[in-house]
Student: 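Submitted below is the structure of interest, expressed as structure tokens.
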Number of protein chains: 2
Amino acid sequence: MHTRPPTLSQVAARAGVSLKTASRALNGEPYVSGATGQRVREAADELGYRLNSLARDLRTGGTSPLVGLISGDLANPFYSAVASGVERELRRHGLLLVTANSDEDGQLERSLVEALLERRVRALLVVPGGDSREYQRVRDDHGVPFVFLDRPPAGLAADSVLIDNAGGTQQAAAHLLAGGHRRIALVADLVRTTSQQARIDGFTAAMEAAGNPDWEPYLRTGVHDAATAERTIGDLLALDDPPTALFTTNNRLTTGALRALRGLDRPPALVGFDDFELADVVGTTVIAHDMTELGRQAARLAHERIGGHTGPPRTVVIPTTLIARGSGERPPR
Amino acid sequence: MHTRPPTLSQVAARAGVSLKTASRALNGEPYVSGATGQRVREAADELGYRLNSLARDLRTGGTSPLVGLISGDLANPFYSAVASGVERELRRHGLLLVTANSDEDGQLERSLVEALLERRVRALLVVPGGDSREYQRVRDDHGVPFVFLDRPPAGLAADSVLIDNAGGTQQAAAHLLAGGHRRIALVADLVRTTSQQARIDGFTAAMEAAGNPDWEPYLRTGVHDAATAERTIGDLLALDDPPTALFTTNNRLTTGALRALRGLDRPPALVGFDDFELADVVGTTVIAHDMTELGRQAARLAHERIGGHTGPPRTVVIPTTLIARGSGERPPR
DNA sequence: ATGAAAGCGCTAACAC
DNA sequence: GTGTTAGCGCTTTCAT
């Protein structure tokens, strides 16, 4: 049961060779005679030998083939799509993914960074949830590359992959304005992340550029989950002068919006940031972008740093597309 | 940049103490004077010391605080919900989750098992994708506990957590029969997994028990993705004598069904196995079960084995509930 | 309360 | 081709 796994020297002993010869044989290094190699491999098989990569990694430089990803809960399709992309790209390079859930809590996030660094991960990918000024110190911590996803820490020059928040928001705003809407509600998440802030700023700028101040009474921020979004939107629609259109700044909030609009006779127009499964079925107009690609690009940047790439921090921007599916084309009433 | 991280002996040297004293101080062991402890901690801080858990783990027994989860793509909400539950439970015990995507390919799965065992994970959780006879050998491989999720390898007694497939299928069948349906199409995934097989068997048994052979022409298996499901269901509905109801055996297939039924005047009834986001919005009747809980239970079983629990393999069954939301209550035409 | 020596399982460096 | 020695960074004896 709890027998310790066999070691290389046990294999060597059984094959009647030295430790190093066994090592060479099993690692496919040159300078092992065919017969010897054969015997070693047999011995290993019989013993059920398996390399201890802890020991190997310690010896070969104190680093493991692990890459850490710290994000919010994988139950959120945004994070799981990102994780999927990260994993796919890492696997191409023989790296393994360690996922850790910060619950979007800055303190927990920080301790996870520590834990993963202790594990000697080769790189760390982070979707910062909380206040992220802490990364100033941690950055390039003894050569462990950091890549930030979706929400680069404010004022920190670091490798990062983000969504074209300004552009996407622009598209949404233009689309609704073109549809004749003026009273447009903006329902946004917590403003502490740079991505949410960028979406709010982008929207505000677009409205200003269009000379439309009518939206201002309908700005709602700090809406962090679907249930709150549903309630908030219900309240908005109960106003004397309700908005004729809604723009929700992420998938969770869009879900809440769909619940709030369910069964309504003449629902307001709706555009949501982030595409989502079944958006085609329910006919929701969205600002789509490839979240899996976002993960993949982040993993790619990390891999290049691991490979020794030096040079200034790079930023990859994932483009957005407006996909019209009906909800965003409803006219103002 | 690529300076090697400081080691414990560097900390010790700087604090003017021995290696062991530094170790004691940093690990909060007794028998260190306050002043000494203080000095060591300062030295560590100044150097930016961080424990190398590779080295520690090697020394303390050759095992890491990592637990591996091998499943299909996290982009599938089923797997990501499971992963979320696993991670949450592991975190309570200070364990980290390494996720690996098998793409539901048996060969890749096998190599991932090897890779994770080499990493000396403390336990391995597997959602077997392919033919899983291989686990006979691997099971309890030198004390590394295995837990199987959703699809226990046929004929292998091992810790596992599964969904009440028979019960859930029963509920679906009974619900549709009670609604007056006879020509019920069963759209199922690849039969090579035990869970799919159990759902098909359960459905067949329920139809036999009800004395209804009319469903037989409408059995479709081997449908592995949403697009194929959409096409398959389109074909079914184009038959001279189309089914009046559909039962899809997982979330992917239900998604395909929703696409196939979109815009239809008089769509057939639909019940899907697995709950999914927005099912309430689109009004789909499902056989729901808690996938996150499935992950959590699996992690719990693994943790108990890690803690030394011996005894016969255990099986945890996650119950199912039928949630009527409209689509399953449409009468036969 | 502190330290010296040994060793976890492996590979790098250098013999032979 | 093969073996010997040393050592990765840490913790575990066992002294002192």
Side-chain angles (χ1 to χ4, degrees), chain A residues 2-41 43-44 47-65 117-122 142-144, chain B residues 2-41 43-44 47-65 117-122 142-144:
Chain A
H2 260 265
T3 59
R4 281 203 150 211
T7 71
L8 189 54
S9 64
Q10 289 172 31
V11 172
R14 182 172 245 262
V17 298
S18 82
L19 181 60
K20 180 60 207 178
T21 299
S23 166
R24 275 198 266 258
L26 294 175
N27 287 315
E29 286 174 36
Y31 306 121
V32 210
S33 80
T36 311
Q38 184 65 18
R39 248 184 318 133
V40 172
R41 258 169 279 121
L47 257 38
Y49 172 77
R50 180 149 33 223
L51 177 73
N52 182 337
S53 55
L54 249 42
R56 163 186 280 178
D57 293 340
L58 178 58
R59 181 62 243 239
T60 57
T63 178
S64 72
L117 255 19
E118 283 190 0
R119 285 249 70 69
R120 294 303 192 258
V121 292
R122 284 276 255 286
H142 296 284
V144 178
Chain B
H2 260 266
T3 60
R4 279 204 152 208
T7 71
L8 189 52
S9 65
Q10 289 172 32
V11 173
R14 180 173 247 263
V17 297
S18 84
L19 181 61
K20 180 59 210 180
T21 300
S23 165
R24 275 198 265 257
L26 262 27
N27 287 317
E29 285 174 35
Y31 306 120
V32 215
S33 80
T36 311
Q38 184 64 20
R39 247 184 318 133
V40 172
R41 257 168 280 121
L47 257 39
Y49 172 76
R50 180 150 31 225
L51 176 73
N52 182 337
S53 54
L54 249 42
R56 162 184 281 178
D57 293 340
L58 177 59
R59 183 60 245 238
T60 58
T63 177
S64 72
L117 289 175
E118 283 191 359
R119 288 247 72 66
R120 293 305 191 256
V121 290
R122 284 276 254 287
H142 296 286
V144 178

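The chains referred to below are lettered A, B, ... by the order of the sequence lines, with proteins before strands, and numbering in each begins at 1.
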Student: For D:dT2, does OP1 or OP2 lie under 4.0 Å from any side-chain N or O of A:T21?
Tutor: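 Checking A:T21 against D:dT2: no side-chain N or O falls below 4.0 Å of OP1 or OP2.
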Student: OP1 or OP2 of C:dT2 versus the side-chain N and O atoms of B:T36: is any pair under 4.0 Å?
Tutor: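 So the side chain of B:T36 is within the cut-off, an N or O lying under 4.0 Å from OP1 or OP2 of C:dT2.
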Student: Looking at every strand, decide which applies to B:S53 at a 4.0 Å heavy-atom threshold: base, sugar-phosphate, or nothing.
Tutor: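 Contact class for B:S53: none.
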Student: Give a yes/no answer on whether the side chain of B:S33 brings an N or O atom under 4.0 Å of OP1 or OP2 in C:dA1.
Tutor: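 Answer no for this pair, as no side-chain N or O of B:S33 is under 4.0 Å from OP1 or OP2.
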Student: Would a distance-only check, ignoring hydrogens and angles, find a side-chain to backbone donor-acceptor pair under 3.5 Å from A:N27 to A:E29?
Tutor: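 Here the side-chain-to-backbone pair does not exist.
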Student: Does B:R122 use its side chain to pair, donor to acceptor, with the backbone of B:S64 at less than 3.5 Å?
Tutor: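 Looks like yes, one N/O pair under 3.5 Å.
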Student: Does C:dC10 have OP1 or OP2 sitting under 4.0 Å from an N or O in the side chain of A:Y49?
Tutor: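 The answer is yes; a side-chain N or O of A:Y49 sits under 4.0 Å from OP1 or OP2.
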Student: Would you please confirm or rule out a distance under 4.0 Å between OP1 or OP2 of D:dG9 and any side-chain N or O of B:R4?
Tutor: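 So the side-chain polar atoms of B:R4 do come within 4.0 Å of the phosphate oxygens OP1 or OP2 of D:dG9, strictly under.
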Student: Once you round it to whole Å, what is the distance between P of C:dT11 and CD of B:E118?
Tutor: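 In whole Å, C:dT11 P lies 10 Å from B:E118 CD.
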Student: Figure out the CZ/C1' separation between B:R24 and C:dG3, and round it to whole Å.
Tutor: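 About 8 Å, once rounded to whole Å.
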Student: Let me know the distance between CD of A:E29 and P of C:dA12, rounded to the nearest Å.
Tutor: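 Nearest whole value for this atom pair: 7 Å.
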Student: From C-beta outward on A:R59, which listed nucleotide comes closest to its side chain: C:dG9, D:dG9, D:dG1?
Tutor: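 Of C:dG9, D:dG9, D:dG1, C:dG9 is nearest to the side chain of A:R59.
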Student: Would you indicate which nucleotide in D:dT4, C:dG3, C:dG9 comes nearest to any side-chain atom of A:T7?
Tutor: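 Looking only at side-chain atoms, A:T7 lies closest to C:dG9.
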Student: Taking all non-hydrogen atoms of both residues, which atom of A:P6 and which atom of A:L47 are closest, and how far apart?
Tutor: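 That closest heavy-atom pairing would be CG-O, 3.4 Å.
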Student: So what does A:L54 hit on the nucleic acid, given a heavy-atom distance under 4.0 Å: a base, only sugar-phosphate, or nothing?
Tutor: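 If one applies the 4.0 Å heavy-atom cut-off, A:L54 turns out to touch nothing in the nucleic acid.
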Student: Taking the side chain of B:L8 as its heavy atoms from C-beta onward, which of D:dC10, D:dC8, D:dG3 lies nearest to it?
Tutor: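 So the side chain of B:L8 is nearest to D:dC10.
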Student: Categorize B:N27 for me: base, sugar-phosphate, or nothing, with a 4.0 angstrom heavy-atom threshold over every strand shown.
Tutor: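 Contact class for B:N27: sugar-phosphate only.
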